[in-house]
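First comes the structure, then the notes that go with it.
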Amino acid sequence: MQLVVSTWNINSVRLRIDQVRRFLETVRPDILCLQETKCPDDKFPLKELQSYGYPFVVHIGQKGYNGVAILSRYPFLETGAMQMCERPDARHISITLAKEAKAAAGLTLHNFYVPAGGDIPDTTLNDKFAHKLQFLAEMRRWGERHRKGGAPGILVGDLNVAPLEHDVWSHKQLLNVVSHTPVETETLETLRQEAEWVDGMRVLRPEPEKVYSWWSYRSPDWAAANKGRRLDHIWLTPDIAPTLKSMSVTSETRGWDRPSDHAPVTAVLEL
DNA sequence: ATGGTTGTCATACAA
């Protein structure tokens with residue numbers, strides 16, 4: 001069977017509900033993971049999203065900030081939500097697919113939203129950067145424990161780090177810019193490799209090809225300037241990595257009216 | 001070196 005999984009930082013699910021529908025109708029993923037829903041749970045547009053063909057939905061949110069959700073065509077065996085950094089932030093949610101998902105039954109999917117980290121890449125001057133590094137350190141410890149279970153899985157999300165040289169428009173010019181500093185890129189690569197996650201995009205589109213999933217709102221004419229970064233990721237456990245058939249960025253969404261600054265990333269697996 | 005935009009909530013704050 002084919003399993004299509006997408007991840008998208010939507011930057012307000014209520015404001016862009018029509019864009020979610022348009023994306024789902026076009027790409028037709030089996031599972032869509034959202035970040036930055038910016039929506040408390042009692043205001044989450046559950047029925048609308050279900051009516052688009054995704055009856056199985058989990059979400060956690062807060063007023064105005066953060067928030068993650070997973071929409072699925074298949075039911076769940078179980079769900080989870082980790083509290084990170086001892087904060088109330090809604091930055092992780094997970095599902096394990098039930099037997100109705102056929103060959104994907106038992107697959108666990110983790111959806112993360114890593115803190116952006118503010119503007120100054122210095123933990124003594126910027127608490128938000130310290131928070132980001134603490135979050136990554138917790139992901140690292142969790143990943144080590146998690147892999148000991150050995151279950152097949154997928155980790156997706158807005159990780160707010162562009163780890164490789166060709167994940168940004170200018171490696172040199174971004175070395176001191178939050179999202180591409182050595183402490184962030186090395187930490188993310190280390191935690192990924194220690195837990196044996198495979199970076200899906202770079203299996204099929206290796207460096208030196210440039211791949212981006214985010215273009216700043218502050219840059220006018222984003223498409224012509226193309227000063228992007230690859231902040232959104234889909235990682236696979238080694239057992240299912242050979243089933244990966246395609247990886248894509250739906251960059252058209254960035255050109256839609258009132259867009260998210262992130263574009264969706266999609267993986268196709270043949271399980 | 002600087003400022004550039006957006007969403008939420010209604011005044012800064014986070015991204």
Side-chain angles (χ1 to χ4, degrees), chain A residues 7-20 22-23 33-45 48-49 59-69 84-92 111-123 125-136 139 156-163 167-170 172-181 183-185 188 212-233 251-265:
Chain A
T7 178
W8 192 8
N9 178 321
I10 192 64
N11 188 16
S12 175
V13 68
R14 283 177 290 177
L15 185 69
R16 277 182 259 282
I17 185 93
D18 290 337
Q19 297 192 24
V20 174
R22 190 172 165 190
F23 172 73
C33 298
L34 297 172
Q35 303 87 33
E36 273 206 275
T37 54
K38 290 188 171 177
C39 183
D41 287 328
D42 59 347
K43 300 260 178 64
F44 189 84
E48 292 95 318
L49 293 169
H59 59 91
I60 52 166
Q62 297 168 252
K63 191 172 78 173
Y65 303 114
N66 308 326
V68 285
M84 307 290 285
C85 303
E86 298 177 328
R87 293 178 189 227
D89 298 7
R91 292 183 178 273
H92 168 266
N111 177 14
F112 278 97
Y113 173 47
V114 174
D119 288 332
I120 304 165
D122 184 322
T123 57
L125 300 175
N126 174 9
D127 290 341
K128 292 196 279 288
F129 193 66
H131 177 212
K132 182 179 197 174
L133 295 188
Q134 186 191 348
F135 193 101
L136 292 172
M139 274 183 80
V156 312
D158 175 7
L159 305 185
N160 264 316
V161 179
D167 291 337
V168 294
W169 64 276
S170 169
K172 276 189 181 171
Q173 286 180 253
L174 289 171
L175 270 172
N176 200 35
V177 172
V178 172
S179 74
H180 195 63
T181 64
V183 63
E184 294 169 86
T185 60
L188 192 76
Y212 311 137
S213 64
W214 174 89
W215 294 262
S216 173
Y217 285 129
R218 297 176 190 176
S219 168
D221 206 356
W222 70 276
N226 198 24
K227 292 183 173 180
R229 305 178 202 170
R230 187 171 73 101
L231 304 180
D232 302 276
H233 301 265
S251 51
E252 304 93 272
T253 66
R254 187 64 180 79
W256 291 353
D257 189 43
R258 298 197 79 182
S260 168
D261 45 356
H262 294 255
V265 177

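Chain letters run A, B, ... following the sequence lines, proteins first and then strands; every chain starts at 1. Nothing here was measured: the structure is a model prediction, and the numbers come from that model.
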Contacts under 3.5 Å, N or O only, protein and nucleotides 10-13 of chain B:
none

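- Atom pair Asp158(A):CG and dG7(B):C1' shows a separation of 15 Å (rounding to whole Å applied).
- Using a 4.0 Å cut-off on heavy atoms, the residues of residues 256-265 of chain A that approach DNA chain B are Arg258(A), listed by number.
- Ser179(A) and Arg229(A) form a side-chain donor-acceptor contact under 3.5 Å, judged by distance and modelled atom types alone.
- The distance from atom CZ of Phe129(A) to atom C1' of dA15(B) is 15 Å, rounded to the nearest whole Å.
- Of the listed residues (Pro264(A), Pro259(A), Ser260(A)), just one forms a side-chain contact (heavy atoms from CB on, under 4.5 Å) with Thr253(A), and that residue is Pro264(A).
- Residue whose closest nucleotide on DNA chain B sits further toward the 5' end, between Gly117(A) and Asn11(A): Asn11(A).
- Shown are Arg91(A), Glu36(A), Gln35(A); of these, the side-chain hydrogen bond (donor to acceptor under 3.5 Å, both in side chains) with Asn66(A) is made only by Arg91(A).
- In this structure, the CD1 atom of Ile10(A) is 14 Å from the C1' atom of dT6(B), given to the nearest Å.
- With C1' as the reference atom, dA14(B) and dA10(B) are 16 Å apart, rounded to whole Å.
- Rounded to the nearest 0.5 angstrom, Asp158(A) CG and Trp8(A) CH2 are separated by 13.5 Å.
- Residues from residues 213-225 of chain A placing a heavy atom under 4.0 Å of any atom in DNA chain B, listed by number, are Tyr217(A), Arg218(A).
- Between the CG atom of Asp89(A) and the P atom of dT8(B) there is a distance of 18 Å, rounded to whole Å.
- Of the P atoms belonging to dC9(B) and dA15(B), the separation is 15 Å, rounded to the nearest Å.
- Rounded to whole Å, atom P of dA14(B) lies 14 Å from atom CG of Asn160(A).
- Distance noted for atom C1' between dG7(B) and dT11(B): 14 Å (whole Å).
- Between Asn66(A) atom CG and dG7(B) atom P there is a gap of 17 Å when expressed in whole angstrom units.
- For the atom pair NZ of Lys132(A) and CD of Glu184(A), the computed distance is 4.0 Å after rounding to the nearest 0.5 Å.
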Take Lys38(A) and Gln62(A), measure what side chain to side chain contact (heavy atoms under 4.5 Å, CB included) needs, and give me the verdict at the end. CA-CA 6 Å; Lys38(A) 290 188 171 177; Gln62(A) 297 168 252; over 6 Å; no

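- Rounded to a whole angstrom, the distance from the P atom of dT2(B) to that of dT6(B) is 23 Å.
- Under 3.5 Å, the side chains of His59(A) and Asp41(A) contain a donor-acceptor pair of N or O atoms.
- Side-chain N/O atoms of Asp261(A) and Trp215(A) include no donor and acceptor closer than 3.5 Å.
- Rounded to an integer number of Å, the gap from Gln62(A) CD to dC9(B) P is 11 Å.
- The side chain of Arg229(A) places no N or O atom within less than 4.0 Å of a non-bridging phosphate oxygen (OP1 or OP2) of dA15(B).
- Atom CZ of Phe135(A) and atom P of dA15(B) are 11 Å apart (whole Å).
- The NZ atom of Lys43(A) sits 13.0 Å away from the OG1 atom of Thr37(A) when rounded to the nearest 0.5 Å.
- Arg254(A) comes within 4.0 angstrom of no nucleic acid atom, judged by non-hydrogen atoms across all strands.
- Of the candidates Asn11(A), Asp232(A), Thr7(A), Asp232(A) is the only one forming a side-chain hydrogen bond (donor to acceptor under 3.5 Å, both in side chains) with His262(A).
- Looking at Leu175(A) and Thr181(A), their side chains never come closer than 4.5 Å, going by heavy atoms from C-beta outward.
- Checking Asn9(A) against Arg14(A), the closest nucleotide of DNA chain B that is more toward the 5' end is the one next to Arg14(A).
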Audit row: Ile10(A), Leu15(A), side chain to side chain contact (heavy atoms under 4.5 Å, CB included) steps and yes/no: CA-CA 9 Å; Ile10(A) 192 64; Leu15(A) 185 69; over 6 Å; no

